[in-house]
There are 2 protein chains.
Amino acid sequence: MPLLLLKDLPRYECLLEAAREFPDLDPSAAEALLHLLRTSDEAYAVSSRNMGDHGISPGRFMVLMLLWHGDQIKAAAPAGTVTCACSPHTPAELADNCGVTRATMTGLIDTLERDGFVKREPDPVDRRMMSVRLTAKAEEFLHGFLPGHFRIHSAIMSALSEAERKVLVRLLAKVQQQCAALRSDPAAAT
Amino acid sequence: MPLLLLKDLPRYECLLEAAREFPDLDPSAAEALLHLLRTSDEAYAVSSRNMGDHGISPGRFMVLMLLWHGDQIKAAAPAGTVTCACSPHTPAELADNCGVTRATMTGLIDTLERDGFVKREPDPVDRRMMSVRLTAKAEEFLHGFLPGHFRIHSAIMSALSEAERKVLVRLLAKVQQQCAALRSDPAAAT
DNA sequence: AGCTGATAGTTAGGAAGCTAACTATTATTG
DNA sequence: CAATAATAGTTAGCTTCCTAACTATCAGCT
């Protein structure tokens, strides 16, 4: 029986057995997908535990990085160049980039503001909108946190050689494309 | 700037640029990890949307499958063989197998019981424990749902050939092993 | 100018995750 | 046997996700 994301992944033979009862079950597909989900879950757990140790959650970290990315673009832009339009700073833009709803983003910004990482300001042009800015505290936090964060990433992927990483990226891109197609047309799975 | 799980993955060139400021950042490691997390997220989204369409969440589905697995083992066992000991049926066992806390499992079982999918019974041997059982409604639901569920899995992984799936599983197993090592010894990342 | 429709951020309620604490039960120790 | 420690499931509170609805503001149309 294939069981999703369980502590112990089912062995391939179990999948073959289950395929006898369920003709729709493709053993190698199930095995590959389970491994994909499970490995990602494990990698995510390693990374997010490091974040947790530093008092930040993955979601909040993503918001901080997005805002920081905006700041970096501004800092690199030649004087007088208007670059604000392309960097997210409103709750809606942040939500869109993070792939969450505006309602969820409100909560994330709430806790970030509460902890002194961001400030909300009314937009001067459109009174419906807020503008979200990083505080100095957040920049300080990121500078102290990011080196270790990247080292964790490197440590995780040190299991693979450069060539293996390239192969992995290529295969994953194929799966990703397929998922995008399935999300556009769910009927394709039937 | 590498940004985790954003709508658009950063291009490799952006990672090279960022590596100039952060020597701890390994571009190919970051790229591979981001692709892994992103692809898994997309695959998970396709699968869980199908579940949502059928009124079940991934977490609840996992509980049902675990209990169902226990039932299948019982049904396959020769008469008189005591097999209950190896199949999870208490909230703690279910939680352990799902990788969540007992507190979380209480909530999952609550809603499953509310919707008529499971029944709680006091354990006859140990008064501290409950025993969780599938209802006929749950078995009926699974029989109707599983074929389509497996077809989705096959559709997702149809992007890869059998050989490519084998390569993917091999690479993922390496990463998985590394994650397990890092979780045992976080200092190894520094 | 006034009305209607669209938009942004927030609120309310629910689900699912966590931690810490709790109550009831069982196991262990002296 | 009594006291202490361990265990199981639940509760309370928080965070993060969702949907639907809301209020305030802006845009478009007549």
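So that the names make sense, note that chain A is the first sequence line, chain B the second, and so on, each numbered from 1. Keep in mind that the numbers below use all heavy atoms, side chains included, and drop hydrogens, waters and symmetry copies.
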So, does A/D41 use its side chain to make a donor-acceptor pair with the main chain of A/L37 at under 3.5 Å?
no

Should A/D115 and A/R60 count as an ion pair when the cut-off is N to O under 4.0 Å?
yes

On DNA chain D, does the nearest nucleotide to B/G107 precede the nearest nucleotide to A/S57 from the 5' side, or the other way round? Give the residue.
B/G107

note: A/M105, atom CE; D/dT15, atom C1'; distance rounded to Å ~ 14 Å

Which of these nucleotides, D/dC17, C/dA20, D/dT16, is closest to any side-chain atom of A/V100?
D/dC17

Can you check the A/M129 CE to C/dT10 P distance for me, whole Å?
13 Å

Run the salt-bridge test on A/E140 and A/K137 with the 4.0 Å N-O cut-off and return the result as yes or no.
no

Could you tell me the separation between the NE2 atom of B/H89 and the P atom of D/dA8, rounded to a whole number of Å?
12 Å

A/M51 CE to D/dT16 P, straight-line distance once rounded to whole Å
12 Å

Per A/D126 side chain, nearest of listed nucleotides C/dT10, C/dA16, D/dC26
D/dC26

Distance below 4.0 Å between B/R49 side-chain N/O and D/dC18 OP1 or OP2
no

Is the ring pair A/F141/A/F145 parallel, tilted or perpendicular, if the boundaries are 30 and 60 degrees?
parallel

The nucleotide from C/dT25, D/dG9, D/dC17 with an atom nearest the side chain of B/R127 is C/dT25

Taking only side-chain N and O atoms of A/T111, does any of them lie within less than 4.0 angstrom of OP1 or OP2 on D/dT15?
no

Using whole Å, report how far CD of A/E113 lies from C1' of C/dT10.
13 Å

Between the side chains of B/R120 and B/E113, is the shortest nitrogen-to-carboxylate-oxygen separation below 4.0 Å, so that they form an ion pair?
yes

Touch class at under 4.0 angstrom, heavy-atom based, for B/R102 against every strand present
base

Check the phosphate of D/dA8 against B/T90, side-chain N and O only, distance under 4.0 Å to OP1 or OP2. Yes or no?
no

In whole Å, I'd like the distance from the CG atom of A/L94 to the C1' atom of D/dC17.
17 Å

Could you go over nucleotides 3-6 of chain D and give all protein N or O partners under 3.5 Å, atom names and distances?
none

Shortest side-chain distance from B/T101, nucleotide among D/dT15, C/dG9, C/dT19:
C/dT19

Nucleotide nearest B/A103 when distance is taken to its side chain, options C/dT25, D/dT15, C/dT19:
C/dT19

A/H89 versus A/S131, closest heavy-atom pair with distance
CD2-OG, 2.8 Å

Length of the line joining A/M130:CE and D/dA24:P, which is rounded to integer Å:
15 Å

Which one, C/dT10, D/dT25, D/dT11, comes nearest to the side chain of B/T106?
D/dT11

Just to be sure I understand the rule, does B/D123 reach a base, reach only the sugar-phosphate, or reach nothing, if contact means heavy atoms closer than 4.0 Å?
nothing

Describe, in one word, how the ring planes of A/W68 and A/H143 are oriented to each other, choosing from parallel (under 30°), tilted (30 to 60°) and perpendicular (over 60°).
perpendicular

Could you tell me whether the side chain of B/L168 reaches within less than 4.5 Å of the side chain of B/L160, counting heavy atoms only?
yes

Value in whole Å for how far the P atom of C/dG14 lies from CG of B/D110
14 Å

